[in-house]
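Scroll down for the structure; my scribbles are underneath it.
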Amino acid sequence: MTQSNIEKLIIIGSGPAGYTSAIYSSRALLQPLMFEGEESGGQLMITTEVENFPGFPEGVTGPELMDHMRKQAERFGTRFIRKNVTKVDFSSRPFKVWVGNDMYQSKAVIVATGASAKYLGLPSEKAFANKGVSACATCDGAFFRNMEVAVVGGGDTAMEEATFLTRFAKKVYIIHRRDSFRASKIMVDKALNNPKIEVLWNTVIDEIVGDKFVTGAHITNLATKEKKLLALQGVFLAIGHQPNTAVFGGQLETDETGYLKTKSHSSYTSIEGVFACGDVQDHIYRQAITAAGSGCMAAIDAERWLERTSQG
Ligand code: NDP
């Protein structure tokens, strides 16, 4: 086992939240050490065009945006390790973070491990990722002007995304596996009252089909067993997100859906000296810009905490 010096700040995760916290904390001379993960950059690495990140009037690709952020963090002295953290011990200070047998210690930690959209598990879903299959209507909806799309799911996200997509698409199907929605009544009413939305109850997608892009989905009505091919150009998955918290092994307090709890208007977690930002603690906004904003908050909170507790 190898053991390093005690760092001032370790950042775990490398999406917009992690990189922004690295930019701010390295400019504050904390010389952060970031564990980027083997697939660095987070969810934006699987996004093509990003049109809603301020400062890019012509749009920017997700990987390009992440590359810019990484270079900006590097410029001010962030050090990177492109590995997945495998274990942590936050029970005493300095905090301990492992990558396999290598142990790292730090006075403060920022957690920015993000959340992953849940997928149905169909091979075709992966094959058509960014070619008609998306898990974010806010990000990709505008590419589906005058097209027919489907949203899969029956929760608030599905209602919200379906309603949002009617701004662009000429028709939006909500494909739901049961005969009732779990979404809140107000959001269901809004969706059901929209003339562009049609609900396909008790229905599942068996496979998504297409050539270069999605052209349809084979669906089955579970009640009638009827199967058919639905013509579509887009499929939006809205079946929930999974915050990436497994590595923390229950050491940080979460809400009932597994997202890390942070104190109101701050990035403080249940353990003093451990801060959280981005989608791992946000199930509501889930945008690159809000994640980046919360990364800035986490860096400022960590810096002030280190200063105040004379740990810095
Ligand atoms: P939810 O877990 O609430 O809903 C997921 C939906 O996907 C359910 O309808 C579920 O079906 C369906 N589903 C899950 N797995 C599959 C599968 N394998 N195949 C087909 N369907 C599946 O997730 P949401 O993202 O909708 O919401 C998460 C949280 O965020 C909730 O607390 C929600 O209230 C909140 N939220 C609030 C918003 C707001 O207030 N503006 C907006 C968006 C989210 P079934 O019902 O059968 O289990």
Side-chain angles (χ1 to χ4, degrees), residues 42-43 46-47 52 113-129 133-141 149-167 172-194 197-208 214 216-228 230 232 234-245 253-262 264 276 278-291 294:
Q43 293 189 84
I46 51 164
T47 308
N52 55 9
T113 47
S116 306
K118 290 186 196 161
Y119 283 82
L120 296 168
L122 305 171
S124 51
E125 208 174 29
K126 290 265 178 283
F128 289 110
V133 174
S134 167
C136 179
T138 314
C139 320
D140 298 328
V149 301
V151 175
V152 185
D156 282 332
T157 303
M159 300 307 121
E160 192 170 68
E161 303 230 320
T163 305
F164 177 75
L165 285 165
T166 60
R167 294 186 197 183
V172 179
Y173 296 98
I174 297 178
I175 298 180
H176 184 41
R177 62 184 176 184
R178 292 192 293 127
D179 62 359
S180 65
F181 288 136
R182 69 168 62 220
S184 52
K185 189 175 174 337
I186 186 163
M187 297 188 60
V188 171
D189 286 350
K190 201 167 168 195
L192 294 184
N193 287 329
N194 191 312
I197 293 179
E198 179 181 341
V199 181
L200 304 178
W201 300 105
N202 300 305
T203 300
V204 292
I205 293 186
D206 301 319
E207 214 56 81
I208 297 162
V214 168
H218 288 288
I219 57 171
T220 300
N221 183 313
L222 299 173
T224 62
K225 307 287 178 229
E226 186 198 347
K227 287 181 183 289
K228 74 173 183 184
L230 190 66
L232 292 169
V235 177
F236 286 84
L237 283 317
I239 60 171
H241 281 75
Q242 189 69 47
N244 299 321
T245 56
E253 218 176 291
T254 62
D255 67 14
E256 59 285 352
T257 51
Y259 286 82
L260 295 187
K261 268 193 180 169
T262 46
S264 176
D279 287 11
V280 73
Q281 52 85 58
D282 167 28
H283 68 263
I284 297 173
Y285 301 106
R286 295 196 297 240
Q287 300 301 301
I289 187 66
T290 51
S294 75

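Numbers here are sequence positions counted from 1. Every number for a ligand or one of its atoms is a count from 1 in the order of the listing. What you see is a predicted model; the values in this text were computed from it and never measured. The figures here come from the full heavy-atom set of this structure, side chains too, leaving out hydrogens, waters and symmetry mates.
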CG of Asn194 to CD1 of Ile174: how many Å apart, nearest 0.5 Å?
9.0 Å

Aromatic plane relationship, His176 with Trp201 - under 30° parallel, 30 to 60° tilted, over 60° perpendicular
perpendicular

Check whether any N or O atom of His241, backbone or side chain, sits under 3.5 Å from an N or O atom of ligand 1, and answer yes or no.
no

Enumerated ligand 1 atoms positioned under 4.0 Å from heavy atoms of Arg178
45 (P), 46 (O), 47 (O)

Evaluate Gly154 for polar contact with ligand 1, using N/O atom pairs at a separation under 3.5 Å.
yes

Tell me: protein heavy atom nearest atom 41 (N) of ligand 1, and distance?
Glu160 OE2, 3.2 Å

Rounded distance (nearest 0.5 Å) linking atom OG of Ser124 with atom NE2 of His218
9.0 Å

Locate the shortest heavy-atom distance separating Phe181 from Val199; write the atom from each residue and the value.
CZ-CG1, 3.7 Å

Could you tell me whether ligand 1 has any atom less than 4.0 Å away from a heavy atom of His176?
yes

Within reach of ligand 1, part of Leu120 (heavy-atom separation under 4.0 Å)
side chain

Give the residue and atom name of whichever protein heavy atom lies nearest to atom 35 (C) of ligand 1, and the separation in Å to one decimal.
His283 CD2, 4.0 Å

Can you sort out which atoms of ligand 1 are near Thr157, meaning under 4.0 Å from one of its heavy atoms?
24 (P), 25 (O), 26 (O), 27 (O), 43 (C), 44 (C)

Tell me: protein heavy atom nearest atom 3 (O) of ligand 1, and distance?
Arg182 CD, 3.4 Å

What do you think, any protein heavy atom under 4.0 angstrom from atom 31 (C) of ligand 1?
no

Counting N and O atoms only, with roles assigned by atom type, does the side chain of Thr220 sit under 3.5 Å from a partner on the main chain of Leu222, one being a donor and the other an acceptor?
no

